[in-house]
Amino acid sequence: MNTGLYWFTHDLRLDDNPALQQAARQCDYLLVVYVQDPSLERPDTFNTARLGSKRKHFLIEGLHDLAQQLQTCGQQLHCLTGNPVDVLTDLISQLGIDRLYCTRPVGWYEQRQLSELSHRFPHLQPVTADAYTLFDQAQMAELLDPFPVSFSAFRRRVEKKLTLPAPLPPVRDFPPMPRVAIDAAAPILKPDTADNGWFKGGELAAQTHLQRYFSSSLPATYKQVRNELDGLDNGTRFSPWLAQGSLSPRRVMRQLQQYEQRETANESTYWIFFELLWREYFQWYARHHDHRLYHLHGIQQRSPLTSFYPQRFKSWCEGSTPWPLVNACMKQLKATGWMSNRGRQIVASCLVNELALDWRYGAAWFEQELLDYDVASNWGNWQYLAGVGADPRGKRRFDIAKQTRQYDPQGDFIHRWQGEAQTLALDHVDAADWPIPVRH
């Protein structure tokens, strides 16, 4: 009789979860856990937290939904608190775990955690599978050698050679839990009444939105509205659930393919696939470049601007710069945890080019504030825009006045988010005592 442990990370769902499928099929007894690391909520050397309050609320909603689903299947989600490696070490030792199952991690820190567990328990071979990406590691091995130097090169290889794996059905039949008390277990916190606007965490909400979107005519006009700065229907809005792992990218693709067969296949529907490929590229980019994802000089080993002005950064974060469109986007982010892709490019360009700040502070602020924060997409996109990443053309600079005329010509978005310029002076305090970033 073998006892397995399933470690939920960025895969808070029963649908299309290959590692969970394996665990349910191969184990006689199965313990399922989620470990919340409290250190993620403390400010780091960028003076930001890696888990902000809005995403934590979204996470609690997702865990609550997952726990309810597992309960209907005769299983229980154990929500634990502490350093994941230490918590899992105690469980493996206490229960005599034979196998550890989890979704293959993308981020460098998460990969190190899994490596440390393997080092502590040489007999324990983690069973991992790809649930966070469209394609799996076996498919990608040949295509990523050598690693594509640009997204365009990646896209050409993938579109020509790879077939999308079919999404797996939801896991409904689980082995029983081991007959041992878990001392560290705590009840899943119930979500409070805070409102995340368009988004509620969890697989049920994700599937509801997925069905709503592909039951409408919206996919057929996606490309025309994708650069709009606001509005639920001006984009697919799948990213928060994809980032949480409560929605499978393969399930999204299956729904897209069915829509194309049922309704229409046009440039807009292709562009949804195109955007999913961008996300996919950065997942493999992060795995390939590991800690260089966070490095000042990026993967290009270029030397970007390294000066830092605390008042400039504070003004950017608070939305009190001389640029109303930037202010509106930043206030929207602070209030909702959301910003359009176009808005993200504009404010990132402002931080790097107009304010001449270290791009990593912007990436860290997004990590704290974004509801749909994804380690690979966030840090990869910031590298890209700062000119130290995968963009062969170098640093990108957006003309903010031109962007304003194009995407908010009547000033409606600026007015809605009270983005009118509040100051023309960028520097009010001495930068000498600002902390030097050492985290990455």
Original post:
For the side chain of E41 and the backbone of P38, is there at least one donor-acceptor N/O pair under 3.5 Å apart?
Top reply: no
**OP:** Indicate whether the side chain of D230 and that of W417 have a donor and an acceptor atom separated by less than 3.5 Å.
**Re:** yes
**OP:** Report yes if the side chains of K334 and M330 come closer than 4.5 Å at any heavy-atom pair, otherwise no.
**Re:** no
Subject >> Sole residue of Y281, Y285, W278 in ring-ring contact (aromatic ring centres under 6.0 Å, His included) with Y384 >> reply: W278
Original post:
Below 4.5 Å, heavy atoms only, C-beta onward: do P240 and W338 meet side chain to side chain?
Top reply: yes
Subject >> Close side-chain approach of L12 and F8, heavy atoms under 4.5 Å >> reply: yes
Subject >> Ring centroid separation F135 to W284 under 6.0 Å >> reply: no
Subject >> Distance, nearest 0.5 Å, that separates CG of L371 from OG1 of T336 >> reply: 8.0 Å
Original post:
Where is the tightest heavy-atom contact between S239 and D372, given as atom of each residue plus distance?
Top reply: OG-OD2, 2.7 Å
Original post:
With a distance cut-off below 6.0 Å to the six-membered ring centre and an angular limit of 45° from the axis, does R312 pair with W316 as a cation-pi contact?
Top reply: no
Subject >> R342 and E228 ion-paired at < 4.0 Å >> reply: no
Original post:
Taking all non-hydrogen atoms of both residues, which atom of R250 and which atom of T133 are closest, and how far apart?
Top reply: NE-O, 3.3 Å
Original post:
What distance separates N83 CG from Q113 CD, expressed to the nearest 0.5 Å?
Top reply: 6.5 Å
**OP:** May I ask you to decide whether R120 forms a salt bridge with E116, counting only side-chain N to carboxylate O separations under 4.0 Å?
**Re:** yes
Original post:
Are K200 and E61 ion-paired here, with the side-chain N under 4.0 Å from a carboxylate O?
Top reply: no
Original post:
Judged by modelled atom types alone, do S246 and E203 share a side-chain donor-acceptor pair under 3.5 Å?
Top reply: no
Original post:
Is there a donor-acceptor contact under 3.5 Å linking the side chains of Q71 and Q76?
Top reply: no
Original post:
Can you tell which of R157, R155, R156 makes a side-chain hydrogen bond (donor to acceptor under 3.5 Å, both in side chains) with E159?
Top reply: R155
Original post:
Between the side chain of N378 and the main-chain N/O of A363, is any donor-acceptor distance below 3.5 Å?
Top reply: yes
Original post:
For the side chain of S340 and the backbone of G343, is there at least one donor-acceptor N/O pair under 3.5 Å apart?
Top reply: yes
**OP:** Calculate, to the nearest 0.5 Å, the distance between atoms OG1 and CG belonging to T103 and D11 respectively.
**Re:** 3.5 Å
Original post:
Which atom names give the shortest non-hydrogen contact between C350 and I400, and what distance separates them?
Top reply: CB-CD1, 3.9 Å
Original post:
Do side-chain atoms of K54 reach the backbone of L370 as a donor and acceptor pair under 3.5 angstrom?
Top reply: no
**OP:** Say whether, by atom type as modelled, one donor and one acceptor occur between the side chain of Q383 and the main chain of G389 under 3.5 angstrom.
**Re:** no
**OP:** Please confirm whether the backbone N or O of Q137 pairs with a side-chain atom of D130, one donor and one acceptor, at under 3.5 Å?
**Re:** yes
Original post:
To the nearest 0.5 Å, what is the distance between CZ (R396) and CD1 (I346)?
Top reply: 14.0 Å
Original post:
Are the aromatic ring centres of W7 and Y101 under 6.0 angstrom apart?
Top reply: no
**OP:** Provide the closest heavy-atom pair for R13 versus G245 in the form atom of the first, atom of the second, distance.
**Re:** NH1-O, 2.8 Å
Original post:
Just one of Q36, Q368, E367 clears the side-chain contact (heavy atoms from CB on, under 4.5 Å) bar with L51, so which one?
Top reply: Q36
**OP:** Check whether the ring centres of F151 and F274 lie less than 6.0 Å apart, and answer yes or no.
**Re:** yes
Original post:
Can R50 be said to sit on top of Y109's aromatic six-ring, NZ or CZ under 6.0 Å from centre and within 45° of the ring axis?
Top reply: yes
**OP:** Please report the shortest heavy-atom distance between V33 and L91, naming the atom on each side.
**Re:** CG1-CD1, 4.0 Å
Subject >> Carboxylate-amine/guanidinium contact R251 D15, below 4.0 Å >> reply: yes
Subject >> Side-chain touch I272/P219, heavy atoms, less than 4.5 angstrom >> reply: yes
Original post:
So is R287 actually on top of F147's ring, under 6.0 Å and inside 45° of the axis?
Top reply: no
Subject >> R55 (side chain) donor-acceptor with Y373 (main chain) under 3.5 angstrom >> reply: no
Original post:
Between S349 and N353, does any side-chain donor sit less than 3.5 Å from a side-chain acceptor?
Top reply: yes
**OP:** Check whether any side-chain N or O of S215 sits under 3.5 Å from a backbone N or O of R212 as a donor-acceptor pair, and report yes or no.
**Re:** no
Subject >> Residue pair T269 / Y222, side-chain heavy-atom distance below 4.5 Å >> reply: no
**OP:** Determine the minimum heavy-atom distance between L351 and D358, stating which atoms define it.
**Re:** CD2-O, 3.8 Å
Subject >> Sub-4.5 Å side-chain heavy-atom contact between V388 and W359 >> reply: yes
**OP:** Taking the side chain as every heavy atom from C-beta outward, state whether F398 and V352 have any pair of such atoms under 4.5 Å apart.
**Re:** no
Original post:
How many angstroms lie between atom CG of L14 and atom CG of L66, to the nearest 0.5 angstrom?
Top reply: 6.0 Å
Original post:
Do N17 and Y6 have side-chain atoms, one donor and one acceptor, less than 3.5 Å apart?
Top reply: yes
Original post:
What's the spacing between D44 CG and R42 CZ if we round to 0.5 Å?
Top reply: 11.0 Å
Original post:
Quick one: do the Y361 and N47 side chains pair a donor with an acceptor below 3.5 Å?
Top reply: no
Subject >> Side-chain H-bond candidate by donor/acceptor type, Q69 with D65, under 3.5 Å >> reply: yes
Subject >> Pair Q283-D374, side-chain donor/acceptor within less than 3.5 Å >> reply: yes
Original post:
For the residue pair Y132 and H10, does the interplanar ring angle fall in the parallel (under 30°), tilted (30 to 60°) or perpendicular (over 60°) class?
Top reply: tilted
Original post:
Is the backbone N or O of L134 less than 3.5 Å from a side-chain atom of E280, with the two atoms forming a donor-acceptor pair by type?
Top reply: yes
**OP:** Check whether any side-chain heavy atom of F413 lies under 4.5 Å from a side-chain heavy atom of C329, and answer yes or no.
**Re:** yes
Subject >> Aromatic centroids of Y34 and H78 separated by under 6.0 Å >> reply: no
**OP:** Keeping the roles fixed (side chain from D16, backbone from S248), state whether a donor-acceptor pair exists under 3.5 Å.
**Re:** no
